[in-house]
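Atoms within each ligand, like the ligands themselves, are counted from 1 in listed order. As the structure is a computational prediction, the values presented were derived from the model and not from experiment.
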Amino acid sequence: MLVLGIETSCDDTAAAVWDDERGLLSNAISSQEEHIPFGGVVPELASRAHLRMALPMIERSLDEAKCTMRDLEGIAVTYGPGLVGSLLIGLSVAKALAFSLGIPLVGIHHIEGHIFAGRIEHAIEPPFIALVVSGGHTELISVSRFGVYKQLGRTRDDAAGEAFDKVAKMLKIGYPGGPLIDKLSRTGKATIDFPRAYLEQGSLDFSFSGVKSAVLRYLEKLSPETVVARLPDIAASFQRAVVDVLVDKTLQAARLVNVETIVAAGGVAANSELRRTLCQRGEQEGFRVLFPSPIFCTDNAAMIAMAGAFRLARGERSDLDLNAEPRLKLSQETGQG
Ligand code: KG4
Ligand code: ZN
């Protein structure tokens, strides 16, 4: 089955073609740069950029896949969660295409897409624990079968990626902050002991507001020159504190559910320190730890096309009145929790 995936939930306009037999045939992404001066995503600008880029990305994905619209057998589109104005652009294009081509449409939960990203390059069979860490989400999910998800923990305040972006803003190093902190950390040492929030005994929830405030308090005590001189160490120490908690709680969840496999996903899973530490510590404990390549960690449509192919093959279809759901829950989406 040849499926076109469309993803416009935040600030990346993406389209990809997945074929059940040949695998991923194309993966077109346009990352919006109009948000850089604002240090965060401006929803109105995001919608306008999606409007400009949705059709060019679809055309590019078809060209790269060497196929035409008429070859498509299904369309998968992210319908939530995300920015409503952004979601609506992808959804409207997807519905118009599905209707005019007379092919089935399926709406995909963005987080389910991230979970499927691991499957683009690796053979992954549930059960496994998914650590989904992005700009909008930090969740530990137990996947007993594809389509059946149980949330074991989540962030109580900022998402991990959001904390990276906010700390980068404090350090005045640019946006998006995750990749910049990752790069800066390579030249620094994690010598500053920022707090790790483990919350109450046994909790699999996360909280990143404490470490964020600790960085702010630390910066307030330093002169601007000292901040510049210590930037790599501050970045490395912050990153270390976040990664320690993410890794400890992911391993805790994997032991609790007694699975053999851990799959990381979402933009923060592109982080080199998280990749190294989770692989090292996970493998020491006998777990199989899988990370998608960085290009499939951040938002992309390959993961949506793949999740769509899975749901379409099960006979699932969405009606043409499918609406954008900015706060869509994963359990609500599958109806199974
Ligand atoms: O999954 P994603 O592309 O979009 C959302 O669904 O949110 O994730 C974007 C987030 C941003 O907060 C970005 O700073 C973070 O992922 N990110 C990283 C890295 N690359 C992207 N965080 C840490 N290290 C990275 N290398
Ligand atoms: Zn995402």
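- Side-chain contact check for S31 and E33: no donor-acceptor pair (N or O, by modelled atom type) lies under 3.5 Å.
- Protein heavy atom at the shortest distance from atom 11 (C) of ligand 1 is D165 OD2, 3.6 Å.
- Residue-to-ligand polar distances keep F164 apart from ligand 1: every N/O pair is separated by 3.5 Å or more.
- A heavy-atom separation below 4.0 Å is found between P179 and ligand 1.
- Atom 22 (N) of ligand 1 has G178 CA, 3.2 Å as its closest protein atom, hydrogens excluded (heavy atom only).
- Annotation: atom 24 (N) of ligand 1 to nearest protein heavy atom, N271 ND2, 3.0 Å.
- Geometry at the Zn ion (ligand 2): NE2/H114 and OD1/D299 form an angle of 90°, nearest 10 degrees.
- Of the protein's heavy atoms, G267 O, 3.4 Å lies nearest to atom 21 (C) of ligand 1.
- Annotation: atom 26 (N) of ligand 1 to nearest protein heavy atom, D182 OD2, 2.9 Å.
- Taking the side chain as every heavy atom from C-beta outward, E73 and I103 never approach each other to under 4.5 Å.
- Side-chain contact check for S293 and E121: at least one donor-acceptor pair (N or O, by modelled atom type) lies under 3.5 Å.
- At the shortest separation from atom 7 (O) of ligand 1 among protein heavy atoms lies G135 N, 2.8 Å.
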